[in-house]
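Every chain is numbered from 1 and lettered A, B, ... according to where its sequence line falls, protein lines coming before strand lines. This structure is a prediction, so every number in the text was calculated from the model and none was measured. Computed from heavy atoms alone, side chains included, the values below leave out hydrogens, waters and symmetry copies.
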Number of protein chains: 2
Amino acid sequence: MNDKSTTLEQVAREAGVSPSTVSRILNGTAGVKDAKREAVERAISKLNYQPNKAAQALASGRSMTIGVLTQNIASPFYGECLEGIENGLSDTGYTPIFANGHWDANEEAHRIALLASRQVDGLIILTGSVTDGALIEQARRLPIVVTGRQLNAPNIKSFWLNDRAAARHATEHLIGLGHRQIAHIAGAQHHPDSHARLAGYREALSFTGIELDERLVARGDYSEGSGVIAVNQLLADRVPFTAIFAANDQMAYGARLALYQHGIRVPEDISLVGFDDLQNSIYTTPPLTTVRQPTFEIGVAAAATLVNMLGGQVPEPPEFGLELIVRDSTRRLR
Amino acid sequence: MNDKSTTLEQVAREAGVSPSTVSRILNGTAGVKDAKREAVERAISKLNYQPNKAAQALASGRSMTIGVLTQNIASPFYGECLEGIENGLSDTGYTPIFANGHWDANEEAHRIALLASRQVDGLIILTGSVTDGALIEQARRLPIVVTGRQLNAPNIKSFWLNDRAAARHATEHLIGLGHRQIAHIAGAQHHPDSHARLAGYREALSFTGIELDERLVARGDYSEGSGVIAVNQLLADRVPFTAIFAANDQMAYGARLALYQHGIRVPEDISLVGFDDLQNSIYTTPPLTTVRQPTFEIGVAAAATLVNMLGGQVPEPPEFGLELIVRDSTRRLR
DNA sequence: TTTTTCAATGACAACGCTTTCATGATAAGA
DNA sequence: TCTTATCATGAAAGCGTTGTCATTGAAAAA
C-alpha cells in the first residue's frame with residue numbers, strides 16, 4: 001500500500017502495544033492476552049505486514065535459509081533432487097538457496113563460502129568434489145547433509161547409495177539375458193560414481209567368468225553427447241557387442257540416438273541399460289531399462305534431516321536403495 | 001577459524017582503523033590511503049572475513065538477491081531458463097532465490113509475498129498465472145521482469161514471444177510436406193500459451209483451406225503422460241491423421257511413446273512436431289522437429305535487464321524470436 | 001606564511017527485528 | 001489480609017552493517 005514496507009513498530013503502534021509484544025505474537029515466544037493478540041492480528045492484516053527477514057536474521061542469528069550446493073541446476077538429475085528438497089522444506093519456514101558448483105572443487109568452495117556469507121543455517125551438498133576435510137571444517141559452524149558419499153563426522157549426515165552393487169546388478173541382468181559382449185560407457189573421469197559403476201560392471205563380468213575386453217569400455221562425461229560419441233567410437237572399433245550398460249541415463253539417451261542413426265535397433269539388435277531412472281526414461285523409445293535412483297526421495301529426506309538437525313535433534317537418516325527397473329530396452333539374446 | 005564468524009569490527013580493530021573505513025574499502029565508497037587499504041586487506045584475509053549479508057541488507061536496504069518465480073523447478077523447460085538466469089546473474093553480486101508457483105495463482109501470490117519478505121531487490125516472473133494487475137501493484141516496490149506476456153507498465157519489462165505465429169509456422173511446415181490430416185495436442189487449459197499455439201494451428205489450417213476436424217484436437221496438460229493419453233485417445237477415435245503437432249516437446253515425447261507402443265513409426269507413418277526444443281529433443285529417436293524457444297537466452301537477458309533496472313537504467317530488452325528446427329520426426333507424405 | 005579547500009577518516013545514528021531484564025499486575029499460598 | 005510466585009508487558013540493548021556528519025590534517029591557493 002504505502003511506499004516503504006510496514007515495520008513491526010508501525011504494527012505495534014496501530015495495535016497500541018509494544019514492539020516486543022508483536023514480536024512475541026509473531027514467534028509464539030510467550031503467552032499474550034487474547035485481546036492484545038487480536039488487536040495485533042488485526043493491525044497486521046490491516047497494514048499488510050510482512051516481517052523483514054534480513055532484520056530477523058540479523059537479530060536472531062537464524063536466517064531460515066538453507067544453502068544447497070548442486071553441480072548443475074539445469075540437469076534433469078539435479079532438478080529432481082532439488083524438487084525433493086523444495087518439497088521437504090515447504091512448511092518448515094526454511095527457504096532453499098541454490099548454488100552451482102559446476103564440478104569444480106574451487107568453484108564449489110567459493111560457492112559454499114558465498115552461501116555461508118548469506119548466513120544460511122545449514123548446508124545440503126549434492127555430491128560434488130569438495131574434500132571431506134573441507135566439509136568437516138565447515139560443519140563446525142553449520143550442520144551439513146551430504147549425498148553421494150559416506151561421511152561420519154559431527155554435525156554431518158550423509159546419504160550414500162551403493163552404486164557398485166547396483167551397477168553389478170544391472171550388468172548381471174544383461175548377462176542373465178544371455179549377453180556376453182557387453183559394452184560400458186563410463187561416466188566422468190573424476191566422479192566417484194563413475195568408478196563405482198565401472199567397478200560394478202567389472203565385478204559382474206569377472207564373477208561370471210567373462211573376460212573383459214577393455215576396448216568395450218568407452219569413457220563419457222555423463223552428457224548425452226558423450227553417449228553418442230562413445231557409441232560411434234565403439235562401433236568404429238569393430239569389436240562386436242550385443243549390449244550396452246551406460247553409467248547414466250543421459251548417456252544412454254545419446255547411445256540410443258547413435259544406434260538409431262546407424263540403423264541398429266534397440267532392443268532387437270542391442271540391449272541398452274542406463275542408470276538414474278530420470279523421469280524421461282519412461283518416455284524414451286523404447287522405455288529404458290535402468291537403475292532407479294530415488295533422487296526425489298533423497299532430496300526430501302536430506303531436507304527433513306537437516307531441519308531436524310537444526311531443531312537440535314540427532315536424526316538417523318533413512319537408508320535408500322537402488323533398484324533395477326526393467327523396461328523395454330533390454331531383451332534376451334538369441 | 002573461531003566459533004562465531006568474524007565481524008567487520010574485528011577486522012577494523014585488527015587493522016587499526018575504524019569500522020567505517022573497512023566498510024568503505026569493501027564497497028569502494030570512498031578513497032582510502034593505500035597503507036590502510038593494505039592493512040585492512042591483510043586483516044580480512046587473516047581473519048577470513050566474509051561480510052554478513054543480512055546485516056548489509058538491513059543497513060543498506062539492498063539484499064543483493066533476486067526473486068525468481070517459476071512454476072516447476074524440476075521441469076526441463078524451466079531448468080534451462082533458470083540456468084540462463086544464474087548465468088546472467090553471475091559476477092553481478094546478485095543471487096537468485098527460486099520459488100515454485102505450481103501453476104496456481106494463489107500459490108504464486110503467496111510465493112511472491114514470501115520473496116518480498118526476503119527483501120529481494122527485484123523479481124523475475126517466468127510466465128505464471130498472476131494477474132497483470134497484481135504485477136503492476138508489486139512493481140511499485142520492486143522492479144520486475146516477466147516472461148510470457150506483453151506488459152507495458154512502469155518498472156516492468158516483459159519478454160514475449162509470438163507463439164501463435166510459430167505454431168502456425170510449424171503447422172504450415174507439416175502442410176508443406178503434404179499433410180492434411182493434422183492432429184494437435186493442446187497444452188494446459190488455462191495457459192495463454194496453449195491458446196496461442198492452438199490458434200496458430202487453426203490459423204494455418206484455415207489459411208490453407210483445410211477444414212479442421214475438431215476430433216483431431218486433443219487436450220493435454222503439457223506433461224509427457226498427457227501426450228500418451230492424447231494419442232491413445234486420438235487413435236481410439238479412429239479419425240485418420242498423418243501428422244501430430246504437439247503444443248510442447250514433453251507431450252511430443254509422450255506422443256512418440258504411445259505411437260511406438262502401437263507399432264506406428266515416426267516419421268514413416270506419422271510426422272511429429274513439438275514446441276520448445278528442450279535439450280533432450282536432439283536425442284529422441286528420431287530427433288524431434290520442433291519450435292525452438294530461446295529459453296536459456298531469455299533467462300540470461302531477463303537477468304541482465306533486471307540488473308540494469310536495479311542500476312537505475314531503463315533498458316530496452318532485446319527481442320527474441322521463435323524458430324522452427326526441422327529434424328527427423330517429420331517427412332513428406334506420400 | 002596564512003588561509004582555503006578537500007580528501008581521508010572516525011563517531012555515531014540508523015536499519016527492523018529479537019531477547020534479556022525489569023516492572024506492574026494478577027493469582028496463589030500463608 | 002499480606003506475602004510470594006507467576007504472568008503479561010514494556011523498555012532498551014544489541015545484531016553487523018551502511019551512510020551521514022563532523023573532524024582532522026595536508027595540499028593548494030593566496
note: B:L26, atom CG; D:dT17, atom P; distance rounded to Å ~ 8 Å
Considering only heavy side-chain atoms of B:S18, the closest of C:dG16, C:dT20, C:dA11 is C:dA11
When you check the gap from the basic side-chain N to the acidic O, do A:E316 and A:K157 get nearer than 4.0 Å? yes
- request: May I ask you to say what A:T21 touches in the nucleic acid, namely base, sugar-phosphate or nothing, with a heavy-atom cut-off under 4.0 Å?
  value: sugar-phosphate
Check: How is A:R62 classified with respect to the nucleic acid when contacts are heavy atoms under 4.0 Å: base, sugar-phosphate, or nothing?
Finding: sugar-phosphate
- Message: Distance alone, cut at 3.5 Å: any donor-acceptor contact between the side chains of B:S5 and B:Q50?
- Response: no
Can you confirm whether A:T65 sits close enough to A:D121 that some side-chain heavy atom of one is under 4.5 Å from a side-chain heavy atom of the other? no
Assess the residue pair A:Q71 and A:T127 against the criterion (side-chain hydrogen bond (donor to acceptor under 3.5 Å, both in side chains)); give the C-alpha distance rounded to whole Å, side-chain angles, the decisive distance to 0.1 Å, and a yes or no. CA-CA 8 Å; A:Q71 298 310 321; A:T127 63; 4.6 Å; no
In whole angstroms, the gap separating P of D:dA8 from CZ of A:R37 amounts to 10 Å
Comparing nearest nucleotides in DNA chain C, the 5'-proximal residue of the pair A:A55, A:T29 is A:A55
Between A:T95 and B:R118, does any side-chain donor sit less than 3.5 Å from a side-chain acceptor? yes
Under 4.0 Å, counting only non-hydrogen atoms across every strand here, what does B:S20 touch: a base, just sugar-phosphate, or nothing? base
Which is true for A:P51 with a 4.0 Å heavy-atom rule: it touches a base, it touches only sugar-phosphate, or it touches nothing? sugar-phosphate
A:R24 CZ to C:dC21 C1', in whole Å, measures 11 Å
Separation of C:dG16 atom C1' from B:R118 atom CZ, nearest Å, is 15 Å
When rounded to whole Å, the CD1 to P distance for the pair A:I25 and C:dT19 reads 16 Å
To the nearest angstrom, the CG-P distance between B:L8 and C:dA11 comes to 14 Å
Against the side chain of B:S60, the closest entry in C:dT18, D:dT18, D:dT17 is D:dT18
Quick note, A:K33 side chain, CB onward, closest among C:dT9, D:dT9, D:dT17 is D:dT9
Per atom distances to the B:A59 side chain, the nearest of C:dT9, C:dG16, D:dT18 is D:dT18
Separation of C:dG16 atom P from A:Y49 atom OH, nearest Å, is 10 Å
Testing C:dT9, C:dC17, D:dT17 for proximity to the side chain of B:T7, the answer is D:dT17
Out of D:dT17, C:dC17, D:dG19, minimum distance to the side chain of B:Q56 belongs to D:dT17
B:E9 CD to D:dT18 C1', in whole Å, measures 14 Å
Report task. May I ask you to check whether A:H190 and A:W103 place their ring centers less than 6.0 Å from one another? Result -> no
Looking for any heavy atom pair under 4.0 Å, which part of the strands does B:K36 touch: base, sugar-phosphate only, or nothing? sugar-phosphate
Notebook entry, point to check: Given D:dT18, is OP1 or OP2 found less than 4.0 Å from the side-chain N or O atoms of B:N27?
Noted result: yes
